[in-house]
Amino acid sequence: MASRCYLSSRQILNFFKNRNSIKSSSRKFHENLREPSQPLGNKQAKWMSAEEAVKVVKSGDTVFVQGAAATPRVLVPALAEHGKKAGLKNVTVCHIHTEGAAEYNKPELEGIFRSNSFFVGANSREAINSGRGDFVPVFLSEIPLIFHKKILPVDVALVQVTPADNHGYCSLGTSVDCTRAALQHAKYVIGQVNPRLPRTFGDATIHVSHFDALVEGERELPEHKADVLTDVELAIGKQIAEKLVADGATLQMGIGSIPDAVLASLKGHKDLGIHSEMFSDGVVDLVNLGCINNKYKAVYQGKIVGSFCIGTRKLFDFMDNNPFVVMLNVDYVNHTDNIAINPKMTAINSCIEVDLTGQVCSDSIGTRIYSGVGGQIDFLRGAGMGKDGLGKPILAMPSTTSKGESKIVPFIKQGGGVVTSRSHIHYLVTEHGIASLFGQNIRQRAYHLIQVAHPKHREALEKAAFERLKCMPSP
């Protein structure tokens, strides 16, 4: 029988003290802001076409675009067309990763638009790496501060929402993340109303009176269908599930094949909880099997906590009008205090490259920007600080690239970004095993990392380790 994790009364009291201090410390950023859940008197938004709505955007403006599955795919192409027809210049489009064509990134619109990505999706990589777009290295938990501190004032916000309910409330659906913070500061808010967007709860609610313009925009949401898992990915997922994930654990998992492989291997587990900035379809299967019930969580006990989602219609239907799921601001979900209080907090994230000392590159391949900082450090640190001492910060990757090159390397590629420092790493998992690095010196780290590298690269890594450390790696 799995052991239960109980929190002491002192730990619970400290949690609520910390939560209050978090709220009070951020209060200065929230004075005189619009509160999306508060009706604005008798103010009513005007219904209009997307083309008419985006005409409010002028040269030099900053436009925020909601991301992930909630990317407003009616408003975005209308914005690009408006910029071209009106001859606009120097419009900044800021966002986390978005779905769809991201028309503002097209080469022919250079000088009209310039994207500014807080997390880079596939539709922004070429623009950024060609010099037509920008990337902001920032923790996911701190993106709202960019708006609260007015580092990037928002002139116009483009978001997607559900139709208003009987009380006048819409929902931001699958993507609350930093969207709510942008809405609080935006001078003008345009909403694409889509009945196919799932209605979610928590910080997702926004009263219809906060919109300046509303656009009919019924569209199916962009879907991410899971890839067929490889033997390597399945081996990694099985190792993490069987050796590192305990019954009663609270899980955070990013997107991708390795998190999907872990979820697929958890069907024999019990009493799991979810506190994660994002989740996808695999969570639905575990809920239906009874593996996820959020029974022992300390933050929103009995509920899945998320901030944005990417998946298929199966996930969207599961979320729709479901009080079992709570979508919250990312500065709350990813705050280390809120992560650390959960029992057996287990954070599982992917990475691109790890050097022999434990430095982790996750956002780039050499100088080429690939993704972003995201919530990796937020959750690795939160799990490492687990109040019950049972947290597990886990990083995972295949031992080699698709070209057969080792992903465990003597040195990070020139220009590569160290997202996770060597003082943050605890576990690195490949298909060849688990390297436990916390508390290990550099020589020990090199030894354990070489043991989980691909066998064909181990001899070369041992030689490189000797050259770098001036001694042989040893346990």
Side-chain angles (χ1 to χ4, degrees), residues 1-22 139 141 239-254 259 262 265-266 268-277 291-305 332-349 351 354 358 360 375-396 419-429 433-442 444-445 448-449 452 475:
M1 182 179 294
S3 60
R4 297 184 180 182
C5 173
Y6 294 100
L7 297 171
S8 69
S9 58
R10 181 181 296 275
Q11 287 174 321
I12 294 172
L13 180 62
N14 286 338
F15 163 67
F16 284 107
K17 285 182 178 178
N18 288 337
R19 186 172 67 173
N20 289 334
S21 66
I22 293 164
F139 298 132
S141 62
Q239 287 196 84
I240 294 173
E242 293 182 354
K243 298 179 182 178
L244 294 176
V245 179
D247 286 342
T250 304
L251 303 178
Q252 175 262 340
M253 281 173 286
V262 176
S265 300
L266 289 173
H269 281 63
K270 299 177 182 178
D271 299 327
L272 298 174
I274 300 294
H275 182 106
S276 183
E277 78 266 57
C291 304
I292 291 174
N293 56 24
N294 303 292
K295 185 176 180 180
Y296 295 120
K297 284 178 58 187
V299 178
Y300 284 88
Q301 186 177 21
K303 296 181 184 294
I304 290 173
V305 167
Y332 179 87
V333 175
N334 284 41
H335 196 289
T336 52
D337 285 348
N338 298 333
I339 296 166
I341 198 70
N342 280 302
K344 303 177 185 177
M345 188 69 220
T346 304
I348 304 165
N349 289 271
C351 53
V354 180
V360 180
Q376 185 169 120
I377 286 294
D378 295 333
F379 275 92
L380 291 179
R381 189 64 179 144
M385 293 168 59
K387 303 302 182 184
D388 57 5
L390 300 175
K392 290 175 183 170
I394 301 166
L395 287 164
V419 169
T420 296
S421 74
R422 52 193 171 203
S423 56
H424 284 101
I425 192 169
H426 282 224
Y427 297 97
L428 179 75
V429 184
I434 301 171
S436 180
L437 304 180
F438 179 67
Q440 302 292 296
N441 61 41
I442 298 294
Q444 292 169 324
R445 284 164 177 251
H448 291 297
L449 287 167
V452 300

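Side-chain atoms are counted along with the backbone in the values below, which use heavy atoms only and exclude waters and symmetry mates.
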Taking the side chain as everything from C-beta on, heavy atoms only, tell me whether Leu449 gets closer than 4.5 Å to Leu437. yes
Closest non-hydrogen atoms of Val333 and His275, given as atom of the first, atom of the second and distance, are O-NE2, 2.8 Å
Donor-acceptor pair, side chain of Thr250 and main chain of Pro343, under 3.5 angstrom = yes
Any side-chain heavy-atom pair from Ile425 and Arg445 closer than 4.5 angstrom?
yes
ask   = Just checking, is any N or O donor in the side chain of Thr420 or Gln376 under 3.5 Å from an acceptor N or O on the other one?
value = yes
message: Using a 3.5 Å distance criterion without hydrogens, assess whether the side chain of Asn342 forms a donor-acceptor pair with backbone atoms of Ala298.
response: yes
Value for NZ (Lys297) from CG (Leu251), rounded to nearest 0.5 Å, stands at 10.0 Å
(message) Is there a side-chain contact between Asn294 and Ile304 in this structure, where contact means two heavy atoms from C-beta onward sitting under 4.5 Å apart?
(response) yes
* Taking the side chain from Asp388 and the backbone from Lys344, do they hold a donor-acceptor pair closer than 3.5 Å? -> yes
* Asked: Quick one: are Tyr332 and Val299 in side-chain contact, heavy atoms under 4.5 Å?
  -> yes
Taking the side chain as everything from C-beta on, heavy atoms only, tell me whether Leu395 gets closer than 4.5 Å to Val354. no
Tell me, do Asn349 and Gln252 make a side-chain contact under 4.5 Å, heavy atoms counted? yes
pair Asn338-Val305: side-chain heavy atoms closer than 4.5 Å: no
What one should report as the nearest heavy-atom pair of Ala435 and Val452 is N-CG1, 3.9 Å
Does Val262 reach the side chain of Met253, with side-chain heavy atoms less than 4.5 Å apart? yes
Val245 and Ala249 have their tightest heavy-atom pair at CG1-CB, 4.3 Å
Original post:
Within the side chain of Ser436, is there an N or O that forms a donor-acceptor pair under 3.5 Å with the backbone of Ile434?
Top reply: no
